[in-house]
2 protein chains.
Amino acid sequence: MAKGKKNLDLSTEEKIMEAARKVFTEKGYAAARTRDIAEESGINLALLNYYFRSKEKLFELVMLEKVNKLFGTIIPILSDEKTELEEKLDKIAESYIDLLLVNPDLPIFVLSEIRRRPEKFAQLVNAKERVTQSVFMKQLMARKLNVSPFHILINLLGITVFPFVAKPVLSKLIGNEEQYDMLMKQRKELIPMWIKMMLV
Amino acid sequence: MAKGKKNLDLSTEEKIMEAARKVFTEKGYAAARTRDIAEESGINLALLNYYFRSKEKLFELVMLEKVNKLFGTIIPILSDEKTELEEKLDKIAESYIDLLLVNPDLPIFVLSEIRRRPEKFAQLVNAKERVTQSVFMKQLMARKLNVSPFHILINLLGITVFPFVAKPVLSKLIGNEEQYDMLMKQRKELIPMWIKMMLV
DNA sequence: GTCTATATTCCGATAGAC
DNA sequence: GTCTATCGGAATATAGAC
């Protein structure tokens, strides 16, 4: 897709999807209006329903994509048989921060919408076995820590993802977006170090 | 307030506020309906506008309370002149987790609404000087760390607050709510320990 | 102060022409 | 496939009786 340009080259369907990703992610399902999406994509409101039937159906497509993006980044790394624990930490921090620097409101969007309708979207994650039975968790247990491996996973996700969830507040605290982004980039190397300290 | 009982003893105004806290926090501003709030408080829809003029005005009152609750818990501790750095860590972890065990969706509610309308609500926090110039930050700087003190603050908030932001996902991962709560209680002692390890 | 009924605005969805 | 115009329902807010 051409950077910064209107998506004149995309199909109508893809233009609507692109706009829907933007509007839903920025405002959340309830505050997003189909009229916003139509305007953003440069097409007519009627076409949205022609292609996607309803706001709800369009949203489900976006939500599925976003959930896969958020969890699909980490689950393959957790499940990898070949890499050592320490290397997994490096990979998770780096790939997650790279993802979130480009998509800073991905986590709060997904987590908010899951909380709003857990019965519908929590199952979409379907991560229970894939996480609890993962190689990563087994590698943690092999270390004979005196705390549950869940604590380590929570800490890793916490120090990695939280700064993006709190970006609107932290960014002002730190100064501006440039300085915020610079700190986040530093954290790609720092996070694995901090987590490794918790493994002794 | 009587636990688990209908608030028959409260004034009408306070009954509406109580219901508004619940409905807004659970659903967010956009998905909350004034009819939900009226029903929840056992009064009539017209009375909501009689007392609070509009949905927006009522929401602003709730939002102000919630922001104060979330940031008012930590700012006094950060600013305390008497306590050592290590003791501050103990206090923050304990008081925050106690708060969040009772109000688990406080952080995601506040952070979502700030993100949805940063120009309106980010200023409500108004924490820039109170945090950056705080005793806590000065104590961190006195430690001559080789990373920015912001990293430590972010880590502290990340490992403390994030598990509550991700509660709907983590709770299923861990098992059930009881087990989730038990882990969170453990973290009151673990978090200060982990952060202290980052100070060397 | 509290209610019922209603006004008004907004929004998702569709009809129908091209 | 795409548009304009509009329907029908939902949600906020108000009028007016008690």
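These numbers come from a predicted model, not from an experiment.
- B:S79 and B:S134 share no donor-acceptor pair across their side chains, judged by distance under 3.5 Å alone.
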Set out, line by line, the N/O atom pairs under 3.5 Å between protein and nucleotides 1-5 of chain C.
unit_1 : atom_1 : unit_2 : atom_2 : d
C:dT2  : OP1    : B:T12  : OG1    : 2.8
C:dT2  : OP2    : B:T12  : OG1    : 3.2
C:dT2  : OP2    : B:Y51  : OH     : 2.7
C:dC3  : OP2    : B:N44  : N      : 3.3
C:dT4  : OP2    : B:N44  : ND2    : 3.1

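- Straight-line distance from the CG atom of A:N49 to the C1' atom of D:dG8: 14 Å, rounded to whole Å.
- Judged purely by atom type and a 3.5 angstrom limit, A:S41 uses its side chain to pair as donor or acceptor with the backbone of A:A38.
- In summary, the side chains of B:R21 and B:N103 do not present any donor paired with an acceptor at a separation below 3.5 Å, with no hydrogens or angles considered.
- A salt bridge links B:E40 and B:K22; the closest N-O separation between the charged side-chain nitrogens and carboxylate oxygens is under 4.0 Å.
- The distance between atom CG of A:L48 and atom P of C:dG12, rounded to the nearest whole Å, is 9 Å.
- Atoms CZ (A:F24) and C1' (C:dG12) sit 11 Å apart, rounded to a whole Å.
- Separating the CG atom of B:D36 from the P atom of D:dA13 is a distance of 14 Å, rounded to the nearest angstrom.
- Under 4.0 Å is where a charged nitrogen must lie from a carboxylate oxygen, and between B:D98 and B:K188 at least one such pair does.
- A donor atom on one side chain and an acceptor atom on the other are found under 3.5 Å apart for B:K88 and B:T83.
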For nucleotides 7-11 of chain C, print each protein N/O atom paired with a nucleotide N/O atom at under 3.5 Å, atom names and distance only.
unit_1 : atom_1 : unit_2 : atom_2 : d
C:dC11 : OP2    : A:R33  : NH1    : 2.5

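- Salt bridge present: A:E56 and A:K120 bring a charged side-chain N and a carboxylate O closer than 4.0 Å.
- In summary, of the residues considered (B:R117, B:R116, B:R115), a side-chain contact (heavy atoms from CB on, under 4.5 Å) with A:P168 occurs for B:R115 alone.
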